[in-house]
Chemist: 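What follows is a single structure, and I will ask about it in a moment.
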There are 2 protein chains.
Amino acid sequence: MKTRRVLTDRQSAVPALAEAFREHGFEGASLAVLSKATGLGKGSLYNFFPGGKEEMMAAVLDNIDTWFVDAIFQPLEDGPDPQAAIIAMFADVTAYFRSGRRVCIVGCLGLNTAGQAFSSKLAGYFARWISALAHCLEKGGIPQGLALALAEEAVSGIQGAIVLARALDEAASFQRIVARLQATLLAALAASPEAGTAPDTVTKDAT
Amino acid sequence: MKTRRVLTDRQSAVPALAEAFREHGFEGASLAVLSKATGLGKGSLYNFFPGGKEEMMAAVLDNIDTWFVDAIFQPLEDGPDPQAAIIAMFADVTAYFRSGRRVCIVGCLGLNTAGQAFSSKLAGYFARWISALAHCLEKGGIPQGLALALAEEAVSGIQGAIVLARALDEAASFQRIVARLQATLLAALAASPEAGTAPDTVTKDAT
DNA sequence: ACATCATTTGACCGAATGGTACAAACGGAA
DNA sequence: TTCCGTTTGTACCATTCGGTCAAATGATGT
């Protein structure tokens with residue numbers, strides 16, 4: 001068979017790149033840092049990512065995006081039980097961001113000019129997250145307008161919790177804030193007209 | 001008279017430095033950028049800030065801190081009417097951050113390793129903001145624990161709104177989220193055991 | 001007018017940047 | 001073994017980095 005190992009090796013470097021970008025930001029992550037983080041020489045990095053740092057970051061963003069789609073967005077969109085999906089989302093997100101010790105690369109990129117090259121990806125990431133969460137809330141019987149507002153508030157709130165927890169160096173802040181966000185969503189679900197969330201009827205159709 | 005204009009000129013450069021750091025981040029704001037932003041040669045910058053970029057950023061942070069103390073924290077702590085103080089805070093913050101188009105330097109610095117040198121300032125900024133807001137809510141009759149949680153949620157929420165609005169490039173998101181945060185605080189105030197909205201000095205009423 | 005002196009400047013420095021070139025090293029296929 | 005394409009390390013490039021400095025500038029006091 002043809003050697004397709006090119007892509008797999010490239011993919012295997014992405015997590016290390018992500019961690020380096022997370023820690024130092026796009027501008028702060030020099031090629032020396034990236035080389036050390038991945039254990040690859042500059043030549044290898046440019047072999048895998050001919051586009052340089054931009055292509056590396058693009059690969060990292062794609063990797064993050066597929067992770068979120070699989071772990072967060074799809075369960076929100078397709079999960080049979082809205083309440084369980086939301087609880088799982090907060091648990092996964094808390095673990096992913098290590099209670100705010102770990103930074104959200106997507107959010108960070110949007111904050112300075114370095115990330116302008118990726119603006120459409122950033123917007124897509126957040127738009128899909130909000131949309132998936134809102135859709136999940138709607139499935140739980142919450143009217144569309146409120147569902148969208150709650151989803152926006154929750155996603156934004158998670159980002160804020162990361163910023164605050166990092167600045168205060170207090171993971172407890174993150175956990176408190178996220179717990180409040182989760183409680184708000186679950187309360188809204190419980191207060192919705194069709195709070196029953198019968199799994200049988202929901203799986204059938206949820207227009 | 002002796003020309004002690006040194007300090008005043010130094011101060012006059014700070015806003016331009018702040019804008020440059022805001023736009024490019026700490027690592028991304030090269031001396032060339034800072035020189036162009038301030039209209040000062042590199043030599044002049046090093047005359048005012050012998051410590052280099054770090055001292056420039058420290059001056060910017062101090063400048064921001066005093067602005068927030070005067071415009072936000074003090075009114076929250078000392079204002080006679082909690083409700084009015086909170087409304088004023090959200091109005092001032094929305095104007096300051098230009099509905100999320102403008103980034104919070106303090107929050108940004110905490111997100112990558114470049115800001116570790118300023119960690120105590122960052123923590124102090126957020127701690128005081130939360131404390132001032134919580135104190136204001138307590139004055140409005142909200143019990144301490146809830147007041148602290150609400151304050152933490154609001155400050156964190158503002159940061160999240162900035163991140164989201166920047167990534168989506170939608171100032172409307174910022175305004176919606178901040179409006180919800182304000183409504184939450186005001187509702188909590190209204191629902192508090194009021195006792196006249198303030199036991200002692202309630203003579204003034206808000207317009 | 002002159003002398004004094006703080007302030008400003010842009011050329012300059014060594015180090016580090018992102019990126020390129022390329023020869024050696026590697027690893028399957030024959 | 002030989003072969004040939006892929007990976008890899010490293011030397012190198014032009015540029016830019018943060019930072020320094022002697023010289024130019026301009027205001028001040030007499």
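A, B, ... follow the sequence lines: proteins, then strands. Residue 1 opens every chain.
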Chemist: Measure from CG on B/Leu17 to P on D/dG18 and round the result to the nearest Å.
Modeler: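 Rounded to whole Å, this separation is 13 Å.
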
Chemist: With DNA chain C as reference, determine whether A/Glu27 or A/Gly43 sits nearer its 5' end, using the nearest nucleotide of each.
Modeler: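 The answer here is A/Glu27.
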
Chemist: Return the 5'-most residue of the pair A/Val33, B/Lys42 with respect to DNA chain C, ranking by each residue's nearest nucleotide.
Modeler: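 Looking at DNA chain C, the more 5' nearest nucleotide goes with B/Lys42.
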
Chemist: Could you check how far CZ of B/Phe48 sits from P of D/dT20, rounded to whole Å?
Modeler: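 Whole-Å distance recorded here is 17 Å.
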
Chemist: Whole Å only: how far is the CG atom of A/Leu45 from the P atom of D/dT10?
Modeler: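 Value for this atom pair: 14 Å.
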
Chemist: Any idea which of C/dG19, C/dT7, D/dT8 is nearest the A/Leu31 side chain?
Modeler: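 Minimum distance to the A/Leu31 side chain belongs to C/dG19.
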
Chemist: If you compare every side-chain N and O of B/Asn47 against the phosphate oxygens of C/dT7 (OP1, OP2), does one of them come in below 4.0 Å?
Modeler: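 Result: no.
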
Chemist: Which of parallel (below 30°), tilted (30 to 60°) and perpendicular (above 60°) describes B/Phe26 and B/Phe118?
Modeler: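 Perpendicular: the ring planes of B/Phe26 and B/Phe118 meet at over 60°.
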
Chemist: Any idea which of C/dT20, D/dT7, D/dG18 is nearest the A/Tyr46 side chain?
Modeler: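 It is C/dT20.
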
Chemist: So if I take every side-chain heavy atom of B/Lys53 and compare against D/dG18, C/dT8, D/dT8, which nucleotide ends up nearest?
Modeler: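 Nearest to the side-chain atoms of B/Lys53, counting from C-beta on, is D/dG18.
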
Chemist: Measuring to OP1 and OP2 of C/dT7, would you say a side-chain N or O of B/Ser44 lies under 4.0 angstrom away?
Modeler: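 Checking B/Ser44 against C/dT7: no side-chain N or O falls below 4.0 Å of OP1 or OP2.
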
Chemist: What I want to find out is whether A/Arg102 reaches A/Glu23 closely enough, with some N-O distance under 4.0 Å, to be called a salt bridge.
Modeler: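 No, this pair does not count.
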
Chemist: Given 3.5 Å as the limit, does a donor-acceptor pair link the side chain of B/Thr38 with the main chain of B/Ala16, or not?
Modeler: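 No: the side chain of B/Thr38 does not pair with the backbone of B/Ala16.
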
Chemist: If I take atom NZ in residue B/Lys36 and atom P in nucleotide C/dG10, what distance separates them, rounded to the nearest angstrom?
Modeler: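 That distance rounds to 12 Å.
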
Chemist: Would you please confirm or rule out a distance under 4.0 Å between OP1 or OP2 of D/dT16 and any side-chain N or O of B/Ser30?
Modeler: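 No, because none of the side-chain N or O atoms of B/Ser30 sits under 4.0 Å from OP1 or OP2 of D/dT16.
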
Chemist: Does this structure show an ion pair linking B/Glu55 with B/Arg10, if we count only N-O contacts that are shorter than 4.0 Å?
Modeler: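 Salt bridge: yes.
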
